[in-house]
Each structure stands twice: as structure tokens, then as C-alpha cells.
Amino acid sequence: MFSLFYGLWEYLVSKTEFHVLILGIDKAGKTTLLEKLKAQYSSVEGLPPDRIVPTVGLNIGRIETSNSKLVFWDLGGQPGLRSIWEKYYEEAHAVIFVVDASCPSRFEDSKSALEKVLRHEDLHGAPLLVLANKQDLGDAVSAEELARYLDLKKLDERAYTFEGVSGYDGTGIKEIVNWLVDVMERSKRTEMLRVRAGVANSSGA
Ligand SMILES: Nc1nc2c(ncn2[C@@H]2O[C@H](COP(=O)(O)OP(=O)(O)OP(=O)(O)O)[C@@H](O)[C@H]2O)c(=O)[nH]1
Ligand SMILES: [Mg+2]
């Protein structure tokens, strides 16, 4: 009986855990953003920008909000490392795609990388958050301008938004976490991943 009540109590107070994939071409600022997120939402002090090196493996960052746990997976964006991204698609609840908004000469590379990500069936229905990063720089284009360039309007079916952010000064970080939690809680993909995890657990029992 105790275990029944304990199980119910645990179910009621436990926080849902979401997996968020951080993608984007090299030097977009993914790792710097992740460190800023960690600094703002957890007791872990983030690495300062001058100690961050290009990512080769996987960086993991965990934060908690009032009702959810978010696990961020940050991968390297160098051309030779992008083939690794798809290994993480199946388990991701949502995708953040980071673009260096101050570097138009690389927008085309970002656009084709994003299109390839969105074509992959393992990411079917995953909410998408496009970030126009480095807004602290005077020449950065706005999130709206970047969204037009990336032709995000054609993504009607998928839950998506775009936001101007800065991994240096923290602009936009609260807004992106709020949007992610809200959209992942309501997303059909979250439901699908929950059902799949339940099936896997019961068949393993
Ligand atoms: N001004 C400015 N520079 C930034 C910002 N975010 C990152 N940078 C700089 O951009 C460069 C690349 O940052 P990273 O965070 O390593 O980029 P990344 O996307 O993780 O790169 P890969 O790991 O190679 O895929 C570094 O020199 C950072 O200091 C930002 O918000 N503003
Ligand atoms: Mg990195």
C-alpha cells in the first residue's frame, strides 16, 4: 500500500524531462549559449566565452524550471561533424537551430544545413526554435530578417518560432526557455516519445 501511495506521490511531484538538441553550423555560438543558459538556470557556473573551444564531441547541459527538467545536447557544427547530428534525432523533443546573425556570408550554409535537418523523418513533428545569435554585435540582422532569409514561413505544419539572442549578454534566454517548455508540454511529439518509452519499459520488464 505504501509503495502505491509513494508511486502516486512520486508521479505527481516528478518533473517531465525534455531533450533539446542544439544544432547549427560551426561558430554559430551554440556552446556559448549553452553555458549562458546553465549560468542563468542552474547553480553550475557556465564557462566564460574565452575558455570555450570548438565542439568535437557532445556537450550536455541540464537545467530545471518550476515544472520541467531540460537536458540540452550541444553538438559540433563543423562540416565533417554534421553527420553525427542524426544519431540524436530520435530522442529529441525539440530542436534549437543557432545562426550567427552577424555573418551573412554563412547564411546559405546555415540554410541548407537547416533544410537537411528538417527533412529527416526522425525529427518528424519536433518543434523548432531558430535563434539569430550575437545580437550584441551592431551588424547582426534581426530574427525577423533571418526568418525571411531562411524561408521559415513554409514550415506551417511544424510548431516553430524565431528569436534574437546573445550568448554573451543573455538577451532572449528567458524567452527561449519559456517557449520551449510551453510548446514541448503540448506537443504531439512529446506524447509519441512518452508512449514509445512506456512500451520500451513494459516490454523490458
Ligand atoms: N559577439 C558575440 N560572439 C559570440 C556569441 N556567441 C559566441 N560568440 C563567439 O563565436 C565564436 C564561436 O562560439 P562557439 O560557442 O564555440 O560556437 P559553436 O556554435 O559552439 O561552434 P562549434 O562547436 O564549432 O560548432 C567564439 O569566438 C565565441 O566567443 C555572442 O552572443 N556574441
Ligand atoms: Mg560548440
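Residues take their numbers from the sequence shown, with the count starting at 1. We count ligands from 1, going down the list as the structure has it; atoms in each ligand are counted the same way.
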Supply the atom-to-atom distance [X] [atom1] to [Y] [atom2], rounded to the nearest 0.5 angstrom.
X	Y	atom1	atom2	value
L37	I176	CG	CD1	5.0 Å
I25	E108	CD1	CD	10.5 Å
T32	N133	OG1	CG	7.5 Å

Quick one: list whatever passes side chain to side chain donor-acceptor pair (under 3.5 Å) with D182, sequence neighbours left out. R186

Ion pair present between E163 and K174, side-chain N to carboxylate O less than 4.0 angstrom? no

Can we say R148 and E145 salt-bridge, meaning some charged N sits less than 4.0 Å from an Asp/Glu carboxylate O? no

Stepwise salt bridge (Lys or Arg N to Asp or Glu O under 4.0 Å) check, R82 with D26: CA-CA 9 Å; R82 295 180 203 166; D26 51 297; 3.4 Å; yes

Note on the Mg ion (ligand 2): protein N/O/S atoms within less than 2.8 Å are T31 OG1, T55 OG1

All pairs passing side chain to side chain donor-acceptor pair (under 3.5 Å) where residues 36-47 contributes a residue, at least two apart: E35-K38

Non-hydrogen atoms closer than 4.0 Å to ligand 1: which protein residues do they belong to? List them by chain and number, please.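 Correct list: I25, D26, K27, A28, G29, K30, T31, T32, I52, P54, T55, G76, G77, N133, K134, D136, L137, S166, G167, Y168.
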
Tell me whether the guanidinium CZ or amine NZ of K69 lies under 6.0 angstrom from the six-membered ring centre of F18 and within 45° of its axis.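 Checked: cation-pi criterion not met.
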
